[in-house]
Protein chains: 2
Amino acid sequence: MVLIDRPEAANYSLPEITNRVILGNALEVLKKIPAEAVDTVFLDPPYFLQLPKKELRRWTVNTVVEGVDDDWDKFGSFEEYDEFICRILTEVKRVMKPQATIWVIATYHSIFRIGKIMQDMGYWILNDVIWAKTNPMPNWLGVRFTNATETLIWAVKDRRAKKYTFNKELAREFGIGKVAANIWVLPICNGSERLKDGNGKKLHSTQKPIELLRRIILTSTREGDVVLDPMAGVGTTGYVAQALNRNFIMIEINPKYIEGIMRRFQQPLQLTLPSA
Amino acid sequence: MVLIDRPEAANYSLPEITNRVILGNALEVLKKIPAEAVDTVFLDPPYFLQLPKKELRRWTVNTVVEGVDDDWDKFGSFEEYDEFICRILTEVKRVMKPQATIWVIATYHSIFRIGKIMQDMGYWILNDVIWAKTNPMPNWLGVRFTNATETLIWAVKDRRAKKYTFNKELAREFGIGKVAANIWVLPICNGSERLKDGNGKKLHSTQKPIELLRRIILTSTREGDVVLDPMAGVGTTGYVAQALNRNFIMIEINPKYIEGIMRRFQQPLQLTLPSA
DNA sequence: AGCAAGTATGAATCGGAGA
DNA sequence: GTCTCCGATTCATACTTGC
């Protein structure tokens, strides 16, 4: 894995950034990428959780839930959040090929805002896909339903885009029942897959599971395609793309996460390609 | 079942409309209902792009700009839909008690717009609940995932509302696993439950299943509560509410559907109340 | 070594009363 | 709006410890 750290760069050529991770702010880096360059986008933005200041304590073991308290999830208001989302989606749209598709993931905290903004920008939603978690954290005060799902929006740039990639047979394997249903049941990322920092704590608050990206890439890309992840975190997208013979471009602003990516790629992921 | 058909009415008292269905336009009828009158709302709005234009326009008041047919597929249509949703949610909010909760159901065509509008209006989302259909209509073209879900948004009027009703133990029965998960797996409305017209065709295109309303009412209301459905269709909400010893107020503009409601209530639904 | 018991933790908008 | 204090509250999974 090669890191690109040239903040002074004017523009990037596609070859020089393919299968690379670029250190920098997605909004600025994206502007330097050629138009209509990528086949698929996976976007995992901050969810703007607005967690209460009050700590949530497990009374039986007297420990505190370490919720998402990262600076990258802090916004002053919905308006501020909306503007951020809108700017990212504008830059992303420019670098998408005409037939490219985009995946965006979030929870109820923000997925509705994102979806409406996408529609208003002209993106055409193909599906919502529900990630049903087998092991969510329960709501133990019993004041709400346990939030066991995240929602993915799968869309094209424009209503007129038709010949996008969809591997129906693989989609049938992943969904529930015999139809290619829009529900994926899989566990959250934990155990040895979860990257840790020097103190054994999780390196990233919200690392996405390999299996989730495997399903996204297999259903919506072909071998040799270029997958873009503008907010790569610890790089699950590129890690899985490489294992499935896809190309990738990742952008990440946090050196701590970049370090995790570099460490991860030293042991390439092994995945069997479907015979089809 | 008593029908209220008094378009000339000034204002309604709560007793005179409780356990009744009111014939009329929801936007106008809601204005005649006292403020802070209901405990729970179930809103099943038109699903954008699934109804012909004239069907949607019947709901809108003073918003139709003539001669913009060419723009119907673009932003103009979204705006008109948004305004309709905003108006309904404004009237609904007024008649909700401070601790009342609201359920809104839709598919990806419109749920994102609705959710953002709700947030922008100050509604505070408690959960999204995913209705996973056991018997969805397959997507034969194979160009998308089969749409096997609908999304429900469950919300309170305001972020500060706390003492809303949530029957945790019942929610645990309905969800998947032991946690009260936000996923309900149940079939679409079919068979003898589905109301038919004189020609044996389905009377309503999107009749909601009894079981869906049973779960909504049992998890989020108490006996004696008032449940409001401003766009009642063939009246599943009131039909289930009555069987569970809840009160209801239904509004419906289409006499054909009202007729279905009247017919339905002649054979009251039998449901066992949970012993709790 | 293997099995059992104990411990840790997850994108969480998670309470209420009173000062 | 803040703050403090009181009290009731969780499951699936993976890892660690102990025998």
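Lettering of chains follows the sequences in order, A, B, ..., and the numbering in each one begins at 1.
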In whole Å, what separates the [atom1] atom of [N] from that of [M]?
| N | M | atom1 | value |
| --- | --- | --- | --- |
| dG1(D) | dG16(C) | P | 15 Å |
| dA1(C) | dG18(D) | C1' | 14 Å |
| dA12(D) | dC14(C) | P | 23 Å |
| dA17(C) | dT13(C) | P | 22 Å |
| dT10(D) | dT9(C) | C1' | 12 Å |

Taking 4.0 Å as the cut-off, does a side-chain nitrogen or oxygen of [X] come that near to OP1 or OP2 on [N]?
| X | N | result |
| --- | --- | --- |
| R172(B) | dC11(D) | yes |
| K178(B) | dC11(D) | no |
| K168(B) | dT10(D) | yes |
| Y108(A) | dT13(C) | yes |

Less than 4.0 angstrom from a charged side-chain N to a carboxylate O is my criterion; do D39(A) and R246(A) meet it?
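Looking at R246(A) together with D39(A), the answer is no, because their closest N to O distance does not fall below 4.0 Å.
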Comparing N190(A) and G142(A) on DNA chain D - which has the more 5′ nearest nucleotide
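Counting from the 5' end, the first nearest nucleotide belongs to G142(A).
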Walking DNA chain D from its 5' end, the first of K54(A) and P187(A) to be reached, judged by nearest nucleotide, is K54(A)
Let me know the distance between NE2 of H109(A) and C1' of dC14(C), rounded to the nearest Å.
10 Å
Whole angstrom is fine here: how far is it from NZ in K202(A) over to P in dT13(D)?
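Rounding to the nearest Å, NZ of K202(A) and P of dT13(D) are 18 Å apart.
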Of T63(A) and N147(A), whose closest DNA chain C nucleotide lies nearer the 5' terminus?
T63(A)
For R144(A) and I188(A), find the nucleotide of DNA chain C closest to each by heavy atoms; which residue's nucleotide sits nearer the 5' end?
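Per heavy-atom nearest nucleotide, the more 5' residue is I188(A).
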If you count heavy atoms of other groups shown closer than 6.0 angstrom to CZ of R222(B), is the number above 12?
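No, not enclosed.
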Is R113(A) positioned over the aromatic face of Y81(A), cation under 6.0 angstrom from the ring centre and no more than 45 degrees off axis?
no
Looking only at non-hydrogen atoms, find the nearest pair between L218(B) and F174(B) and report the distance.
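Closest approach of L218(B) to F174(B): CD1-CZ, 3.9 Å.
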